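Read through the structure below, which is laid out as structure tokens, and then see the notes.
Heavy-atom basis, side chains included; hydrogens, waters and symmetry copies ignored. Given the structure is predicted, the values throughout are model-derived calculations rather than measurements.
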Amino acid sequence: MEITCAEALVRCLEMEGVELVFGYPGGAILPVYDALKDSQIKHILTRHEQGAAHAASGYARTTGKVGVCMATSGPGATNLVTGLANAYMDSIPLVAITGQVPTVQVGTDAFQEVDITGITMPITKHNYLVKDPKLLPMIVKRAFHIARTGRPGPVLIDLPKDIAMTPIQFKYPQEVELMGYKPTVKGHMAQINQAAKLIMQAQRPVIYIGGGVVNANASEELVWLAETIDAPVVSTLMGLGAFPGDHPLFLGMLGLHGNKAANLAVTECDLLITLGARFDDRVTGRVAGFAPRAKVIHVDIDPAEISKNVISHLPIVGDTKRVLEDLLVRLDKKQNTPWVNTVGYWKTEFAPRYRMGGRYLKPQYIIEEIYRHSGGDVIIATDVGQHQMWVAQHFPFKSPRQLVTSGGLGCMGFGLPGAIGAQFGRPDKTVVLVTGDGSFQMTFNELATAAEQSLPLKIFVLNNRRLGMVRQLQEFYCDKRYMAVDFSFVPDFAALGRLYGFKGLTVRTEQELLAALPEVFNEPGPVLVDCAIDPDENVLPMVLTGADICNAVDRQEE
């Protein structure tokens, strides 16, 4: 049976198990939207293409499935770029579908023509411009395969309008073969045997985890490893939740704004067992001062990450879950009581603290109360900035895929559309968005999407009427010469929420917050809470540029 390529594309999505697509239509993508009309796939109309990419990312982060977004040519395609870069840096599986001008117009500077495959080449795992209609089913099969296997990432398919309207004999391939693309999933056994020996010999081991543990669904094996070898665990931002935040061996996030105990443990350890992490600059500080006394075991599915930033004494390329399964059977139960007691003392002595009182709510207190009133069994989405770090420091994530945030790109505006995608991915969970007034104003147009789809989001805007993190950086690096960080006008966020059908609340004191929280979590519909916080509150600890992670500023200037 002959069908058009647009219809074939939709059939391919159905056969890949796609349940919903986030997108925004336009002229070049119209044939696909026309075909989508007859499909059971649910289309979510966002209010901006960037929102579609971020929502697809939020869906993928909470489900582990491939998120799908769609846009037209030209500005529609370029508006996806930030979301694709965000997914690429955080290793999130996405497939983005863009319309393109007809093939005879490609390269002529036609209306709404851009070279989107050229633009996105550095920020996608792979991309395709469909030139031969007969190859479309195989291209879609390959795109999903590439997106979800190995180190996950975004793949883009650019479909010219005339190709979309061309009839083909449809047959979806059952298997896919890609020359040169064979991700290594099973670790080298000689390396794993050597790792087991190093682990059994170590007296001060630390397990350092990243988002790769989440992507590999290796949380259970990680807990077995930590408890078997009696080793403390530290995490990157993207790894939070992969190890239970309330576990006695968990020291919290390490790095630039990491817990002091975590940074000290890495500095003093004799063996650093690195799982699915990439030693980025927000973690290491001065590289020469990072884990200076340790041998480094590095497990990662991406060989390009091995010894890229920090030299690995024992690299193991493979899927973290598979490697841990092979490693655990080679380990005996051991105890490192003196070391665990030492880091336990650091964990208590240097626990994140803040001083209550003053004119404003303490943001750290808000996060802790959100945890207490929700029971911790919620999905937390954040934007980027101070509030993101306060969440990382003060919300003990219990399970993987519980945190939805922008890590590598640090993308303000991700939070709300990311939360929308997360709610679609996990309709059984309460999704809480913690955002800042700066980030929220970048994409609050997606409140309309949430309202239209009847999503019961709970939004907390930590409102300091400033770009808080930029102000903090200017305090430390620009001698308090503050520039372009104060908002002379900030809307009434609670009233704004009410305009979009949210219950809008404003809290200014601890008493108002405690009175509001039961109402927030008992309300079946969406709620937006505007929380006034101190404009001068800093995120501490903070490792200054060029410093070792054990030497952080940890006191708020009076």
Side-chain angles (χ1 to χ4, degrees), residues 10 13 18-30 32-34 36-37 39 41-63 65-87 90 92-99 112 116 120 154 156-157 159 379 381-384 404-406 409 411-427 431 433 435 439-457 459 496-497 499-502 526 528:
V10 174
L13 296 180
V18 174
E19 302 166 324
L20 71 167
V21 172
F22 302 90
Y24 203 99
I29 196 77
L30 277 187
V32 178
Y33 270 82
D34 187 57
L36 201 57
K37 177 77 173 176
S39 172
I41 296 173
K42 183 179 178 66
H43 179 269
I44 310 302
L45 177 62
T46 57
R47 295 312 187 259
H48 192 286
E49 292 91 351
Q50 183 181 145
H54 287 328
S57 178
Y59 173 86
R61 289 167 194 258
T62 51
T63 64
K65 301 176 182 178
V66 178
V68 181
C69 57
M70 192 178 294
T72 195
S73 64
T78 57
N79 282 342
L80 294 178
V81 166
T82 298
L84 292 174
N86 188 45
D90 287 346
I92 305 302
L94 291 187
V95 169
I97 300 163
T98 54
Q112 291 193 335
I116 195 62
T120 60
L156 181 136
I157 302 172
L159 181 62
I379 290 174
T382 81
D383 268 291
V384 169
V404 177
T405 195
S406 171
L409 191 65
C411 179
M412 293 176 66
F414 168 79
L416 178 55
I420 288 171
Q423 189 71 83
F424 274 110
R426 294 299 306 272
V431 175
L433 168 63
T435 182
S439 290
F440 189 56
Q441 290 184 87
M442 287 191 169
T443 53
F444 72 69
N445 55 326
E446 298 299 343
L447 286 172
T449 306
E452 186 172 78
Q453 299 295 332
S454 302
L455 301 180
L457 301 179
I459 300 175
L496 180 68
L499 286 174
Y500 284 96
F502 282 61
L528 192 156

Practice task
Looking only at non-hydrogen atoms, find the nearest pair between Gly425 and Thr62 and report the distance.
Solution key: CA-OG1, 4.0 Å
Fill in the blank from the handout: Between Val384 and Ser439, the two heavy atoms sitting closest are O-OG, 3.2 Å
Problem - Sequence neighbours excluded, every pair satisfying salt bridge (charged side-chain N to carboxylate O under 4.0 Å, His left out) that has a member inside residues 70-82 - result: none
Handout entry: Where at least one partner belongs to residues 75-84, residue pairs that pass salt bridge (charged side-chain N to carboxylate O under 4.0 Å, His left out), sequence neighbours excluded
Key = none
Practice task
List for me each residue that meets ring-ring contact (aromatic ring centres under 6.0 Å, His included) alongside Tyr500, sequence neighbours excluded, and say none if there are none.
Solution key: none
Practice task
Give a yes or no on whether the backbone of Tyr24 and the side-chain of Tyr33 come within a donor-acceptor separation of less than 3.5 Å.
Solution key: yes
Handout entry: Qualifying residues under side chain to side chain contact (heavy atoms under 4.5 Å, CB included), relative to Met442, sequence neighbours excluded
Key = Met412
Problem - Ring centroid separation Phe22 to His43 under 6.0 Å - result: no
Exercise for the section: Quick one: list whatever passes ring-ring contact (aromatic ring centres under 6.0 Å, His included) with Phe502, sequence neighbours left out. Expected result: none
Problem - Leu455/Ile420 under side-chain contact (heavy atoms from CB on, under 4.5 Å): CA gap, chis, key distance, verdict - result: CA-CA 7 Å; Leu455 301 180; Ile420 288 171; 3.7 Å; yes
Practice task
Go through the steps to decide whether Ile116 and Leu156 satisfy the test side-chain contact (heavy atoms from CB on, under 4.5 Å), and finish with yes or no.
Solution key: CA-CA 9 Å; Ile116 195 62; Leu156 181 136; 4.0 Å; yes
Exercise for the section: Tell me, please, which residues at least two apart from Tyr59 pass ring-ring contact (aromatic ring centres under 6.0 Å, His included). Expected result: none
Practice task
Indicate the atoms forming the closest heavy-atom contact of Pro526 with Gly501, along with that distance.
Solution key: CG-O, 3.9 Å
Practice task
State which residues pass side chain to side chain donor-acceptor pair (under 3.5 Å) with Thr443; sequence neighbours excluded, sorted by chain then number.
Solution key: none
Exercise for the section: Go through the side-chain N and O atoms of Thr405 and Thr382 and say whether any donor and acceptor fall under 3.5 Å apart. Expected result: yes
Handout entry: Nearest heavy-atom neighbours spanning Val431 and Ala419
Key = CG1-O, 3.8 Å
Exercise for the section: Indicate yes or no: at least one non-hydrogen side-chain atom of Leu496 is less than 4.5 angstrom from one of Leu528. Expected result: no
Practice task
Show the numbers, then the answer: is there a side-chain contact (heavy atoms from CB on, under 4.5 Å) between Asn86 and His54?
Solution key: CA-CA 8 Å; Asn86 188 45; His54 287 328; 3.9 Å; yes
Completion exercise
Rounded to the nearest 0.5 Å, the NZ atom of Lys42 sits from the CG atom of Leu36 at a distance of 11.5 Å
Handout entry: Phe424 atom CZ, over 12 foreign heavy atoms within 6.0 Å
Key = yes
Practice task
Could you tell me whether a side-chain N or O of Gln423 sits under 3.5 Å from a main-chain N or O of Arg426, the two making a donor and an acceptor?
Solution key: yes
For residues 66-83, run the donor-acceptor check on the side chains, cut-off 3.5 Å, and write out each pair with its distance to 0.1 Å, sequence neighbours left out.
{"unit_1": "Thr72", "atom_1": "OG1", "unit_2": "Ala28", "atom_2": "N", "d": "3.1"}
{"unit_1": "Ser73", "atom_1": "OG", "unit_2": "Gln112", "atom_2": "O", "d": "2.8"}
{"unit_1": "Thr78", "atom_1": "OG1", "unit_2": "Gly74", "atom_2": "O", "d": "3.4"}
{"unit_1": "Thr78", "atom_1": "OG1", "unit_2": "Pro75", "atom_2": "O", "d": "3.1"}
{"unit_1": "Asn79", "atom_1": "ND2", "unit_2": "Glu49", "atom_2": "OE1", "d": "2.9"}
{"unit_1": "Asn79", "atom_1": "ND2", "unit_2": "Pro75", "atom_2": "O", "d": "3.2"}

Exercise for the section: Please round to the nearest 0.5 Å and tell me the distance separating atom OG1 of Thr449 and atom CD1 of Ile44. Expected result: 9.0 Å
Practice task
Mind checking side chain to side chain contact (heavy atoms under 4.5 Å, CB included) for Ala451 and listing every partner two or more places apart, or none if nothing turns up?
Solution key: none
Fill in the blank from the handout: Taken to the nearest 0.5 Å, the spacing of His48 NE2 from Asn445 CG works out to 7.0 Å
Practice task
Test Phe440 against Leu447 for side-chain contact (heavy atoms from CB on, under 4.5 Å), laying out the working first.
Solution key: CA-CA 10 Å; Phe440 189 56; Leu447 286 172; 3.9 Å; yes
Problem - Side chain to side chain, Leu433 and Val404, heavy atoms closer than 4.5 Å - result: no
Problem - Residue pair Ala60 / Pro93: nearest heavy atoms and the distance that separates them - result: CB-O, 3.6 Å
Practice task
Could you tell me whether the side chain of Leu416 reaches within less than 4.5 Å of the side chain of Leu457, counting heavy atoms only?
Solution key: yes
Practice task
Keeping the roles fixed (side chain from Asp383, backbone from Thr435), state whether a donor-acceptor pair exists under 3.5 Å.
Solution key: no
Completion exercise
Thr98 meets the side chain to side chain donor-acceptor pair (under 3.5 Å) criterion, sequence neighbours left out, with Asp158
Completion exercise
Residue set satisfying side chain to side chain contact (heavy atoms under 4.5 Å, CB included) with Asp34, at least two apart, ordered chain then number -> none
Exercise for the section: Indicate the atoms forming the closest heavy-atom contact of Ala87 with Pro154, along with that distance. Expected result: C-CD, 4.0 Å
Practice task
With sequence neighbours excluded, give me every salt bridge (charged side-chain N to carboxylate O under 4.0 Å, His left out) pair touching residues 443-452.
Solution key: Arg47-Glu452
